[in-house]
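Quick caveat, the model's predicted, so the values are computed rather than measured.
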Amino acid sequence: MEELASIDWGAVALVVLITGGLLWGIVFFLRQNRKDLDSLKETLQSDGEDNAG
């Protein structure tokens, strides 16, 4: 029980917030990359159709 009393809960909260922020950032980055990839594929496909016709 003395171990729990000696834990700095402010530091624990800070670590949790930083970890959550990093995870949110990674998810946001990956979603944005996916949108950019889909947009690039559409652009390349339409350019290819324009050049073929």
Side-chain angles (χ1 to χ4, degrees):
M1 215 48 182
E2 289 180 20
E3 296 93 19
L4 288 177
S6 66
I7 291 177
D8 184 0
W9 291 107
V12 171
L14 182 62
V15 168
V16 168
L17 286 174
I18 290 172
T19 303
L22 287 173
L23 289 175
W24 180 84
I26 290 170
V27 169
F28 179 80
F29 176 76
L30 291 175
R31 284 184 180 175
Q32 189 62 43
N33 274 357
R34 185 64 176 166
K35 289 178 187 176
D36 291 344
L37 179 61
D38 291 342
S39 175
L40 178 61
K41 285 180 181 178
E42 289 176 9
T43 301
L44 291 174
Q45 184 178 9
S46 68
D47 285 352
E49 290 171 355
D50 290 345
N51 290 338

Checklist outcome for this item: For L17, the hydrophobic cluster (side chain heavy atoms closer than 4.5 Å, chained through members) also holds none
Checklist entry - Does T43 use its side chain to pair, donor to acceptor, with the backbone of S39 at less than 3.5 Å? => result yes
Next on the checklist: Under 4.5 Å side-chain heavy-atom separation, chaining through any Ile, Leu, Val, Met, Phe, Trp or Tyr, what else clusters with L22? Say none if it is isolated.
Outcome noted: L14, I18
Item to check | side chain to side chain contact (heavy atoms under 4.5 Å, CB included) involving L30 - partner list, sequence neighbours excluded | outcome: I26
Item to check | Contacts of type side chain to side chain contact (heavy atoms under 4.5 Å, CB included), residue R31, not counting sequence neighbours | outcome: V27
Checklist outcome for this item: With sequence neighbours left out, the residues meeting side chain to side chain contact (heavy atoms under 4.5 Å, CB included) with S46 are none
Checklist entry - Tell me, do E49 and Q45 make a side-chain contact under 4.5 Å, heavy atoms counted? => result yes
Checklist outcome for this item: L40 meets the side chain to side chain contact (heavy atoms under 4.5 Å, CB included) criterion, sequence neighbours left out, with L44
Next on the checklist: Can you confirm whether L37 sits close enough to N33 that some side-chain heavy atom of one is under 4.5 Å from a side-chain heavy atom of the other?
Outcome noted: no
